[in-house]
Amino acid sequence: MLDLVQSLDPRAALALHVLLVIATVAAILLVAGALREPSRDGFGTYESGAPSGQPLRGHLAAQYFLIAVFFMIFDVEVAILFAWALTALELDVPGMVAATVFILVLLAALGYLWMDGALETAPEKRS
């Protein structure tokens with residue numbers, strides 16, 4: 001079996017991979033369609049638990065969106081630091097210096113966001 005896989009032309013391997021992905025997605029959609037309740041319209045409640053209804057009117061607080069974006073940014077940075085941690089012994093002192101600078105830049109960005117008030121979710125106090 002291993003010889004067969006290694007002897008495949010790269011284009012044939014790509015075509016096989018694409019066909020397997022298409023078959024997997026089609027199977028997932030068919031099973032999900034078979035398991036779905038026929039009486040439900042649309043997706044119903046989604047993530048927030050609030051029933052869907054009329055579109056929202058008025059102002060939406062952007063603070064929660066900003067916090068989600070900041071979380072995603074810093075979460076990606078943690079993934080980069082995890083990859084660095086796996087090779088920390090091989091990178092020696094230059095790798096440690098680079099990681100330290102990277103962490104300091106992240107802390108400076110977090111400090112700036114904190115001091116700027118971008119992480120505040122409470123309504124502003126009116127004086």
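These numbers come from a predicted model, not from an experiment. Here, residue 1 is the first one in the sequence, and each next residue gets the next number.
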Within a 6.0 Å radius of atom CG on Leu89, are there more than 12 heavy atoms belonging to other residues, nucleotides or ligands?
no
Could you check whether any side-chain heavy atom of His17 comes within less than 4.5 Å of a side-chain heavy atom of Leu20, counting everything from C-beta outward?
no
Co-membership, hydrophobic cluster, residues Tyr112 and Ile67, 4.5 Å side-chain:
no
Between Phe70 and Leu113, the two heavy atoms sitting closest are CZ-CD2, 3.6 Å
From Asp9 atom CG to Leu16 atom CG, the distance as rounded to the nearest 0.5 Å:
12.0 Å
Nearest 0.5 Å, please: how far is OG1 in Thr24 from CG in Leu19?
10.5 Å
When hydrophobic residues are tied together by side-chain contacts of less than 4.5 Å, even through go-betweens, does Val25 share a cluster with Val31?
no
Kindly indicate whether the side chain of Leu107, heavy atoms from C-beta on, has any atom under 4.5 Å from the side chain of Phe102.
no
Let me confirm one number: the CG-CG distance from Leu86 to Leu81, rounded to the nearest 0.5 Å.
11.0 Å
Do Val105 and Ile80 share a hydrophobic cluster, counting only Ile, Leu, Val, Met, Phe, Trp and Tyr and linking them when any side-chain heavy atoms are less than 4.5 Å apart?
no
Can you see which heavy atom on Trp84 is nearest to which on Ala99, and at what distance?
CE2-CB, 3.4 Å
